J.: 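After the structure tokens below, expect a handful of questions from me.
What you are looking at is a predicted structure, and each value in this text was computed from that prediction instead of being measured.
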Amino acid sequence: MDERTKATVRALLDRHPRGYVAEETGFTVTATAAGLFRLLCLSVPADDPAPSREAVEATRALPARRWDSAPEMSKTGDRERAEVIAQAGYRHAGRAARLLGAATRMVVHRYGADLRNLRRAAGGDHGRLVDLPAEIPGMDEAGRAVFLREAQMFWPEAGPFMDRHAVRAAERLHLPSDGGTLLRDVARGGGHEELSWLVGALALVDVHNVYDRIRTSARV
């Protein structure tokens, strides 16, 4: 890794050290049943790989009601969920509530209320692990990008994954825009964990258009 790349990576991780979801929502994604379910709850209403503020606030409203696991969410009804999501400012609250209900039912019935079983069902196969989330109701391409960007931190076979915001930022900052190259040549010391943080940082730079701040910090 040349000095320019090192300086850019250092500037990125100094500014956004915790990954996309932690920076934008305030909660840390963990490799637990509850942590993965909370990530799912952000992925389902996500309207872009960079979820809107309304989607983020809707996600934050759910654990505030202690609906932070599949078993707890399964006790709620569509109308109850829709009211909470609408109060958080999400415009399509009814649809999001129905999709979250359907997603929760699948997680409970197919994966025993624990999304770690989705990984086990994939059996270490990258293609299978990438495809399985798409079978969950509400998990379109945007939602799957949100999910995989974070999950690759502790599910190496889910990556290397870069969403379109991260790719655009990498290109503009003269970093590798291919996930495999970024992992091998840039995140090699920290492996998949650092790759996930770095991809999240790149996406944040693009979403918030703070390229000049990164360049200034890196002096490139």
J.: Output yes when a side-chain donor or acceptor of Thr76 lies under 3.5 Å from a complementary backbone atom of Met73, and no otherwise.
T.: yes

J.: With the side chain counted from C-beta on, respond yes when Met106 and Pro137 share a heavy-atom pair under 4.5 Å apart, and no when they do not.
T.: yes

J.: Sort and list the pairs that fulfil salt bridge (Lys or Arg N to Asp or Glu O under 4.0 Å) and have at least one residue in residues 89-111, not counting sequence neighbours.
T.: Arg110-Glu135

J.: Taking a hydrophobic cluster as the set of Ile, Leu, Val, Met, Phe, Trp and Tyr residues connected by side-chain heavy atoms closer than 4.5 Å, whether directly or through intermediates, do Phe147 and Val108 fall within one such cluster?
T.: no

J.: Name all residues meeting the side-chain contact (heavy atoms from CB on, under 4.5 Å) criterion together with Thr25; count only those two or more places apart in sequence or in a different chain, and write none if there are none.
T.: Val21, Phe27, Leu42, Val56

J.: Holding to side-chain contact (heavy atoms from CB on, under 4.5 Å), I want the full list of residues that pass it with Asp125, two or more places apart in sequence or in another chain.
T.: Arg128

J.: Looking at side-chain heavy atoms only, is the closest gap between Leu39 and Leu115 below 4.5 Å?
T.: no

J.: Tell me, please, which residues at least two apart from Pro71 pass side-chain contact (heavy atoms from CB on, under 4.5 Å).
T.: Ser69, Ala113

J.: Starting from Val207 and following side-chain heavy-atom contacts under 4.5 Å between hydrophobic residues (I, L, V, M, F, W, Y), which residues can be reached?
T.: Tyr20, Leu204

J.: Considering all heavy atoms of both residues, which atom of Asp206 and which atom of Ala169 are nearest to each other, and what is their separation?
T.: CB-CB, 4.1 Å

J.: Contact between Leu195 and Phe161 at the side-chain level, heavy atoms closer than 4.5 Å - yes or no?
T.: no

J.: Working to the nearest 0.5 Å, report the span between CG of Leu62 and CH2 of Trp67.
T.: 7.0 Å

J.: So do Leu148 and Val130 actually touch side chain to side chain, heavy atoms under 4.5 Å?
T.: yes

J.: Name all residues meeting the salt bridge (Lys or Arg N to Asp or Glu O under 4.0 Å) criterion together with Asp140; count only those two or more places apart in sequence or in a different chain, and write none if there are none.
T.: none

J.: Calculate, to the nearest 0.5 Å, the distance between atoms CG and CD1 belonging to Leu99 and Ile136 respectively.
T.: 12.0 Å

J.: Under the side chain to side chain donor-acceptor pair (under 3.5 Å) definition, can you give me all pairs with a residue in residues 150-163, not counting sequence neighbours?
T.: Arg119-Glu157, Arg149-Asp163

J.: Looking at Arg168 and Glu171, is there a salt bridge between them, counting it only when a charged N and a carboxylate O are closer than 4.0 Å?
T.: no

J.: Are the side chains of Ile214 and Arg15 in contact, using a 4.5 Å heavy-atom criterion?
T.: yes

J.: Rounded to the nearest 0.5 Å, what separation is found between the CH2 atom of Trp197 and the CE atom of Met153?
T.: 7.0 Å

J.: Given side chain to side chain contact (heavy atoms under 4.5 Å, CB included), test Leu118 with Leu129 step by step and report yes or no.
T.: CA-CA 8 Å; Leu118 181 151; Leu129 186 57; 3.5 Å; yes

J.: Which pairs with one or both residues in residues 78-88 pass salt bridge (Lys or Arg N to Asp or Glu O under 4.0 Å), sequence neighbours excluded?
T.: Arg65-Glu80, Asp78-Arg81

J.: For Thr104 versus Leu100, what's the shortest heavy-atom pair and its separation?
T.: OG1-O, 2.7 Å

J.: So Leu202 and His165, do their side chains get closer than 4.5 Å, heavy atoms only?
T.: no

J.: Please determine if Arg213 and Asp14 form a salt bridge, counting it only when a charged side-chain N lies under 4.0 Å from a carboxylate O.
T.: no

J.: In chain order, what residues pass the side chain to side chain donor-acceptor pair (under 3.5 Å) check against Thr32, with sequence neighbours excluded?
T.: Thr30

J.: What are the two closest non-hydrogen atoms of Arg116 and Ala31, and how far apart are they?
T.: CD-O, 3.5 Å

J.: Search all heavy atoms of Pro45 against all heavy atoms of Thr59 and return the closest pair with its distance.
T.: CG-OG1, 4.1 Å

J.: Checking Ala121 now: which residues fulfil side-chain contact (heavy atoms from CB on, under 4.5 Å) with it, not counting sequence neighbours?
T.: Tyr111, Leu132

J.: Taking all non-hydrogen atoms of both residues into account, name the closest pair between Glu194 and Val9 and its distance.
T.: OE2-CG1, 4.3 Å

J.: To the closest 0.5 Å, what do you measure between OG1 (Thr8) and CD (Glu3)?
T.: 11.0 Å

J.: So do the side chains of Arg66 and Glu72 get within less than 4.5 Å of each other, counting heavy atoms only?
T.: no

J.: Check the pair Leu13 / Arg18 against side chain to side chain contact (heavy atoms under 4.5 Å, CB included), numbers first and verdict last.
T.: CA-CA 8 Å; Leu13 295 180; Arg18 300 188 302 156; over 6 Å; no

J.: Between Leu40 and Val44, is the side chain to side chain contact (heavy atoms under 4.5 Å, CB included) condition met? List the steps.
T.: CA-CA 6 Å; Leu40 178 71; Val44 168; 4.2 Å; yes

J.: Test: side chain to side chain donor-acceptor pair (under 3.5 Å). Region: residues 174-183. Which pairs qualify, not counting sequence neighbours?
T.: Asp178-Thr181

J.: How far apart are the closest heavy atoms of Val146 and Pro49, and which atoms are they?
T.: CG2-O, 3.5 Å

J.: Between Ser217 and Arg10, does a side chain to side chain contact (heavy atoms under 4.5 Å, CB included) hold up when you go through it step by step?
T.: CA-CA 9 Å; Ser217 297; Arg10 189 161 50 244; over 6 Å; no

J.: Enumerate the residue pairs fulfilling salt bridge (Lys or Arg N to Asp or Glu O under 4.0 Å) with a member in residues 42-59, sequence neighbours excluded, ordered by first and then second residue.
T.: Glu24-Arg53, Asp48-Arg164, Arg53-Glu57, Glu57-Arg60

